[in-house]
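Reviewing the structure listed below.
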Amino acid sequence: MVMLSAVCACAPTVHRGGDLTAPPALVETRPDAGLAERLAVRAVRDEEAVGRAIDLSLEYVRTREPEERPFGAGGPDVTWERVRESLEYLRAVLPGLKTDPDVLLRDFVWYEVIPGPLMTGYYEPEMDGSLAPHPGFPAPIYGLPRSLESVDLGAFHPRWKGQTLVYRVEQGQIRPFFTRREIDTEKRLADAPIAWTRSPVDVYFLQVQGSGRLRLPDGRVRHVLYAGKNGREYVSLGEVLIGRGLVPGEEMSMQRIRRYLAGHPEQVEELLNANPSYVFFRLTEDGPFGAMGRALTPMVSMATDPAFLPLGSILAVDAVLPGRENGSAAFLGLAQDRGGAIKGSRLDLFCGAGQDAEFLAGHLQARSRVFLLLKK
């Protein structure tokens with residue numbers, strides 16, 4: 001999963017949580033009953049989706065070693081078994097939340113995420129395209145190149161634990177893999193595309209989101225899923241536009257970026273190439289999938305930093321959602337994905353597919369109150 005790092009117009013109005021430069025921590029607390037009731041109302045309304053998402057988290061958590069401790073510094077000293085028991089209990093009481101919302105307060109320990117997380121959103125773009133060359137679809141979508149190699153640097157020295165080197169070999173020498181400019185403008189990639197779509201801007205936003213849906217001429221839909229990237233540093237196009245004075249920071253959103261590119265086609269190639277990072281894809285019948293290898297659930301699945309909030313964690317969220325009738329929303333989320341820009345207490349909400357999801361993902365950027373829930 002990959003996400004847009006742009007400054008959006010949505011003003012943070014929910015609990016800032018203090019010094020945002022401080023290391024993230026989980027602090028045991030007791031929230032008010034009103035929040036628990038709002039969470040229960042939303043969970044009951046979306047019971048089928050929430051239940052299915054819990055089942056998928058359980059599939060993953062049951063593959064972990066029960067006695068291992070998934071939380072790092074700043075988190076509770078509990079095992080994967082405790083996480084599994086928490087998910088199983090939430091699944092059991094989910095149907096009864098309508099009549100007994102207090103079970104969330106009575107039977108779970110609440111840990112507030114400090115500082116209050118910045119919550120952003122990502123979605124599954126939809127675009128027209130073809131699996132064969134077509135004059136109406138000139139922009140290529142590439143699969144993982146045969147020449148791309150990677151190695152786990154942690155195998156060589158402990159100081160490099162968790163770091164991966166992506167490279168290619170040229171005349172017997174290890175070289176950095178091609179940049180966006182070398183792939184799209186200079187056509188240095190020898191591999192054939194796996195699909196084509198209308199515009200390089202569509203491909204770019206597909207790469208930013210990490211997955212999407214391709215509507216084929218015969219009406220079929222194929223999921224385009226993340227397969228890997230070129231190892232280059234990600235540069236936010238939103239920050240480039242702001243830094244060059246092309247778009248005011250207070251106006252920034254995905255939709256604003258699209259409008260600027262549509263109005264300045266002569267600048268598109270140069271602006272896209274300002275981000276050397278490049279994402280490669282694979283085609284499937286199903287998706288999208290998160291870091292657990294399971295399907296993501298709209299408005300439930302969240303990307304977290306697994307070093308702080310491990311996959312499978314139950315999260316209670318109180319946030320401001322753009323475009324919603326009263327703005328604020330409380331819902332139960334599940335840590336089911338991760339992303340390169342998601343570090344510390346930051347969260348990324350999977351908003352689904354379609355225009356509403358694109359709007360929400362493009363404008364969602366607000367400080368939120370978030371709690372980890374563990375069964376007592």
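Quick caveat, the model's predicted, so the values are computed rather than measured.
Partners of Glu47 under the side chain to side chain contact (heavy atoms under 4.5 Å, CB included) rule, at least two apart in sequence or in another chain, are Leu94, Pro95. Residues that satisfy the side chain to side chain contact (heavy atoms under 4.5 Å, CB included) test with Ala357, not counting sequence neighbours, are Tyr123, Cys351. The side chain to side chain contact (heavy atoms under 4.5 Å, CB included) check on Asp218 picks up Leu216, Arg220, with sequence neighbours excluded. Looking at residues two or more places apart in sequence or on another chain, you find no side-chain hydrogen bond (donor to acceptor under 3.5 Å, both in side chains) involving Asp152. A search for salt bridge (Lys or Arg N to Asp or Glu O under 4.0 Å) contacts involving Glu68 returns nothing, not counting sequence neighbours. Taking the side-chain hydrogen bond (donor to acceptor under 3.5 Å, both in side chains) definition, one finds that Asp286 meets it with nothing, sequence neighbours left out. Scored by the side-chain hydrogen bond (donor to acceptor under 3.5 Å, both in side chains) test, Gln267 finds Tyr260 as partners (sequence neighbours excluded). With sequence neighbours excluded, the residues satisfying side chain to side chain contact (heavy atoms under 4.5 Å, CB included) with Thr179 are Arg181, Glu182, Arg232, Pro276.
Ring geometry for Phe177 versus Phe280: interplanar angle over 60°, hence perpendicular rather than tilted (30 to 60°). Phe350 and Tyr122 have tilted rings, their planes meeting at an angle from 30° to 60° on a 0 to 90° scale.
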Donor-acceptor pairs under 3.5 angstrom involving side-chain atoms of residues 160-168: please list them, not counting sequence neighbours.
{"residue": "Arg168", "atom": "NE", "partner": "Pro176", "partner atom": "O", "Å": "3.1"}
{"residue": "Arg168", "atom": "NH1", "partner": "Glu170", "partner atom": "OE1", "Å": "2.5"}

Extract all donor-acceptor atom pairs below 3.5 Å that involve side chains of residues 295-306 and protein atoms in other chains or at least two apart in sequence.
{"residue": "Ser301", "atom": "OG", "partner": "Thr297", "partner atom": "N", "Å": "2.7"}
{"residue": "Ser301", "atom": "OG", "partner": "Thr297", "partner atom": "O", "Å": "3.4"}
{"residue": "Ser301", "atom": "OG", "partner": "Gln336", "partner atom": "OE1", "Å": "2.5"}
{"residue": "Thr304", "atom": "OG1", "partner": "Leu309", "partner atom": "O", "Å": "2.7"}
{"residue": "Asp305", "atom": "OD1", "partner": "Ala307", "partner atom": "N", "Å": "3.0"}
{"residue": "Asp305", "atom": "OD2", "partner": "Gly344", "partner atom": "N", "Å": "2.9"}

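Taking 4.5 Å as the limit, every side-chain heavy atom of Ile141 sits out of range of all side-chain heavy atoms of Pro193.
Of all heavy-atom pairs spanning Ser211 and Leu225, the tightest one is CB-CD2, 3.9 Å. When all heavy atoms of Val235 and Tyr204 are compared, the closest pair comes out as O-OH, 4.0 Å. Across all their heavy atoms, Leu131 and Ala195 have their closest contact at CD2-CB, 4.1 Å.
Rounding to the nearest 0.5 Å places CG of Leu90 at 4.0 Å from CD1 of Ile54. If you take CD1 on Ile314 and OG on Ser57, they are separated by 8.0 Å, rounding to the nearest 0.5 Å.
Residue-environment remark: CD (Glu266) exceeds the threshold of 12 foreign heavy atoms within 6.0 Å.
Sequence neighbours left out, the pairs with a member in residues 191-213 that pass salt bridge (Lys or Arg N to Asp or Glu O under 4.0 Å) are Glu124-Arg213, Glu126-Arg213, Asp128-Arg198, Arg146-Asp191, Asp202-Arg258. Here side-chain hydrogen bond (donor to acceptor under 3.5 Å, both in side chains) pairs that include residues 58-67, with residues two or more places apart or in two chains, are Glu59-Arg294, Arg62-Glu88.
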